[in-house]
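Just so it is clear: chains get the letters A, B, ... in the order the sequence lines come, proteins before strands, and each one is counted from 1. Values reported hereafter were calculated over all heavy atoms of this structure, with side chains retained and with hydrogens, waters and symmetry mates removed.
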Amino acid sequence: MSEPILSVRDLSVVAQVEGTTHTIVDQVSFDLQRGEILGLVGESGSGKSMTSRALIRLLQSSRLSVSGGSAILKGEDIFTFDERAMRDVRGGSIGMIFQNPSSHLDPVMSIGKQIAESIRFHKAVSRKEARGRAVEILRQVGIPDPERRYNAYAHEFSGGMRQRAMIAVALACDPDILIADEPTTALDVTVQAQILKLLTDLRDTRGVSIIFITHDLGIVSQICDRVAVMYGGRIVELGGKREVIGSGRHPYTAGLVACQPAEGHPGERVRTINGQPPRIGHMPAGCRFHPRCPRVDEWCSTVCPDLVTSGPGHQVACHHPIPHTPAEAAT
Amino acid sequence: MNVKPAPLLEVTGLNVHFGGTGFIPGLRTPPLRAVNDVSLAVMPGETLGLVGESGSGKSTLGRAILRLGELTSGEIVFDGTDMARATVGDLNRLRRQSAMIFQDPYGALNPRMRVGDAIAEVLRVHRKVPSSRIGSRIAELLNLVGLDAGYANSRPLDLSGGQCQRIGIARALAVEPKLIVADECVAALDVSIQGQILNLLMDLREQIGMAIIFIAHDLAIVRRLCDRVAVMYLGRIVETGPTEEVFTEPRHPYTASLLRAIPDIDPDRGLPENPLAGEPPSPIALPCGCAFHPRCPNALPDCSTGEPPRLGRDGPHRAACILPPGEIRI
Amino acid sequence: MTLARTQTARAGFRLAFGGGPLPLYLGGAILLIWFALAVMAPLLAPYDPIFQDGTARLQPPNSVHWFGTDNFGRDILSRIVWGARIDLQIALFGVVFPFLIGTTLGSCAGYFGGWIDTVLMRIIDVVLAFPFLVLMMAIIVILKPGLSSFYVAMALVGWVSYARLVRAQILVIKSSDFVLAATSLGYSHSRIMFRHLLPNAILGSVVFSMSDAVLVLLNGAAISYLGLGVQPPTAEWGIMIAEGQSFITSAWWITTFPGIAIVTLAMGFSLLADGLGELLGVRE
């Protein structure tokens, strides 16, 4: 395998709440290959969004901070960068797409201007050239009549077009990595399908790597190459989407797949995972999942399992992973 | 001879339009037609799924049925009374026999009230049980939704989303309703919690036998829970029928493309090649003819003119499309 | 969102265990001290506040008269302590009546909307069209100068701010799901308004009433200063300043001490308002 474009090691994020420190993201490590779509899946509070925001060092509150780890982007650890260098990374090497485009687009600057502005901020090009590139990007993200739409404002776009515009802004400086944080959650399913298509097309044509954060396993199995499942701030399983979704070895992954309402027959009760996801400040000791786990034993409640390799390109953090083959059962 | 049981709820030709008023004719804003000529029926104990994307009018319809929003015209016959022309007494009867469950589990509960008090309030207002039995009835209701009676003393903010949604359901059940309108009641919950609430609804339906109008955009959930389904597009029902029939053999191109657009949890199936293009137009400027024709891959010249097609009248599975059922290609 | 929720939920807990915001305690302490002084005025005040000692006029602060005496030979300290009774009363009644009237009318307007709302908002426009003090003075003059007329005028003019504040809050909360839920459960208008809307809408007004108390206090002083409020020889801080102003160059203590009294009391209220606002998560 070639050199990864981004290599995250032991990333931790802590929150200071009324004098006590809570770990929200706990020693997260993963690699992102060139041209790969990596899914980051988890429920609310699993730390998936926080992980992505920590990468570009845009944590929403001053109470949050990165407490350790490294993120090697093209050979350099971006956690050692100062704010100025970080600004070049954001929008330069890493583009962000959010769930709610209307709150992340400038309402008083035309869409085209926002793209051109970003190009000129990061690259030394003339105004005219920037405009030309912006129109070209608008065309690429499937906005019809881009010359005219260049001067349109965010509120003049429909929901799906606004998300396309947001993707265009993120693409302005030809980034190596796109971080997409639940980009289709606010959209209708038919429009969601269009945006997912657009993102995979962009990956194919531009070779951009995408970190796709979502709670929807359906989306993951359709567009991602590899998946990292997060629970309670930790990655509990990481691997190719076929291995993780098709034959997940962590009881949480398997439970998550089983409790999809599409799995099963009408009128049949939905399989569920007992209990509630842990809340910040109430993280269980040992394995974060042990209070809800069907395969739990005493060990799980005291020792937190590390992410260990359980197959080719497949890692799982569980003391008692689910066996799928005789070889796995033996380990 | 078989006597056809009377429906609990029968909606006929319901319209809900907003705005469209103004003193100066030229400056009058066009009305937003949220619900257009909708007719549907719900049998006692039946679960009807109301499916559609944002702006399809499904929530507006749900609220209009419970008379929680304005309506422009039409009939809503609930248990033999037309609630669209209800007197104060009729409305009180509707309120005593229906309840609603909301999307935001926190928003639906008064943040300053203990959850036990919120349930007790329903029992007192409707004089469901003598005041000496209120405490035990609250415990009963909490147990029914799978919560310990001790939760009566907690406030909504101390609970998780799933627990709050259970409280919302317990409060709805306190009314002892014949009809519950559940508006996207699992959309805000985590997947692992969604299943718990869905199972609870299925259990309660078996135990209590109330009818449910289940409003949702998630087709997989609707398929699991509902007996019948009505698909809405821009304020109209475009297809209705028994859930399995609609899902396996959709007769309206919109239903078909909606079904195809759901991301399937199958790692070997990629994205659908040609997703449905475009987005729903604004309900202020509805297209002529069938509202779906600008996006429809099967559209014929006739689709863009005249009145929108009406739901067929043949059998339980009906669609509002001029194409014969076999001709839909998506 | 979640953070804001937890904040409100924890407010009570923090208060009970002394973790509340500092301004709250500071403001509360100042108000408590003034309240205690007012209650115990007969015990604490060294002299009769209206007794005129012809032999001790315009005395600067000394060991007998700690804060000095005025031009009639009355003891300033005693007058300030007794005056606290009147001024606290002004702050209290000058706020309570507008608060009650404004909250009731404002919530009706917000909840029912329609013509009730339109009529009420136009009345508010009319009241706001006049300069505040001029309108107050006009009402008091029509009624007959005195403290009770001041309260009536305050109620007639001051309610508008509360009405607008509560109306805006009600409009926001009215569209929330729990109010819709209350309607769907068949609750009466009065139950929805008093049990569900008001408890959630009133916080902002409570905080505002604290800062309003400051304005009322200063207003009361101004009205008394103009001779329309409390009538001499009653001890009241505003009158004391009014009476002392001709001696401001020769006998600074006559005006300075009541001035400090007004400032500290006002500060107490405004600190309390800040603290309450922070504790309850209300932003003005």
Side-chain angles (χ1 to χ4, degrees), chain A residues 42-46 158-161 184 186-200 214-224 227 240-246 252 255-277 279 292, chain B residues 47 52-56 159-163 186 188-200 202-203 206 217-227 243-244 247 254 257-282 295:
Chain A
E43 300 182 278
S44 54
S46 62
S158 64
M161 281 301 150
T184 59
L187 301 175
D188 293 327
V189 259
T190 53
V191 182
Q192 164 174 293
Q194 298 165 10
I195 298 292
L196 295 180
K197 182 94 175 36
L198 171 65
L199 286 173
T200 46
T214 181
H215 66 277
D216 190 330
L217 281 181
I219 295 179
V220 168
S221 38
Q222 287 201 331
I223 73 161
C224 295
V227 191
K241 75 167 169 197
R242 255 180 209 83
E243 288 77 44
V244 173
I245 305 233
Y252 175 64
L256 210 54
V257 172
C259 71
Q260 299 292 319
E263 301 278 304
H265 301 288
E268 196 187 330
R269 298 295 181 271
V270 183
R271 293 264 301 276
T272 57
I273 304 176
N274 288 329
Q276 317 278 342
R279 291 206 261 176
R292 304 175 74 189
Chain B
T47 306
E53 301 183 88
S54 53
S56 63
L159 301 176
S160 71
Q163 288 167 332
V186 296
L189 304 174
D190 278 321
V191 192
S192 67
I193 307 301
Q194 269 186 4
Q196 297 173 3
I197 299 294
L198 284 181
N199 290 350
L200 174 65
M202 290 192 221
D203 291 342
E206 274 167 27
H217 68 277
D218 189 328
L219 296 172
I221 292 175
V222 169
R223 186 171 197 173
R224 199 67 179 254
L225 181 73
C226 300
D227 305 313
T243 310
E244 270 314 290
F247 275 68
Y254 175 64
S257 39
L258 205 55
L259 285 167
R260 226 174 47 109
I262 316 172
D264 203 358
I265 182 160
D266 174 2
D268 293 316
R269 223 194 80 175
L271 280 173
E273 259 317 293
N274 300 301
L276 183 63
E279 288 175 54
S282 153
R295 301 175 74 192

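B:Ile221 touches chain A through backbone and side chain together, each having a heavy atom under 4.5 Å away. Heavy atoms of A:Ile273 lying under 4.5 Å from chain B belong to its backbone as well as its side chain. Heavy atoms closer than 4.5 Å to chain A are found in both the backbone and the side chain of B:Asp203.
Side-chain atoms of B:Arg295 and B:Ser257 form no donor-acceptor pair, as typed in the model, at a separation below 3.5 Å.
The candidate with the highest count of non-hydrogen atom pairs below 4.5 Å against chain B, out of A:Gln260, A:Arg292, A:Lys241, is A:Lys241. Here A:Pro266 is the residue among A:Pro266, A:Ala193, A:Pro277 with the most heavy-atom pairs under 4.5 Å with chain B. Across B:Leu159, B:Asp227, B:Ile262, the residue that shares the most heavy-atom pairs under 4.5 angstrom with chain A is B:Leu159. Chain A forms more heavy-atom pairs under 4.5 Å with one residue of B:Gln196, B:Gln163, B:Arg223 than with any other, namely B:Gln196. Put simply, of B:Ile193, B:Leu189, B:Asn199, the one with the most heavy-atom pairs under 4.5 Å next to chain A is B:Asn199. Chain B forms more heavy-atom pairs under 4.5 Å with one residue of A:Arg271, A:Gln192, A:Met161, A:Lys197 than with any other, namely A:Lys197. Ranked by heavy-atom pairs shorter than 4.5 Å toward chain B, the options A:Ala258, A:Gly275, A:Gly45 are led by A:Gly275.
Atoms CG and CG, from A:Leu187 and A:Leu196 in turn, are 9.0 Å apart once rounded to the nearest 0.5 Å. For the atom pair A:Asp188 CG and A:Ile195 CD1, the distance stands at 11.5 Å (nearest 0.5 Å).
In terms of the side-chain contact (heavy atoms from CB on, under 4.5 Å) criterion, residue partners of B:Ala220 (sequence neighbours excluded) are, by chain and number, A:Pro261, A:Ala262, B:Asp218.
The main-chain N or O of A:His265 is found under 3.5 Å from a side-chain atom of B:Arg224 such that the two form a donor-acceptor pair. A donor-acceptor pair is defined here as one N or O able to donate and one able to accept, closer than 3.5 Å; such a pair exists between the side chain of A:Gln194 and the backbone of B:Leu276. Looking at A:Glu43, its side chain does come within 3.5 Å of a backbone N or O of B:Ser192 through a donor-acceptor pair.
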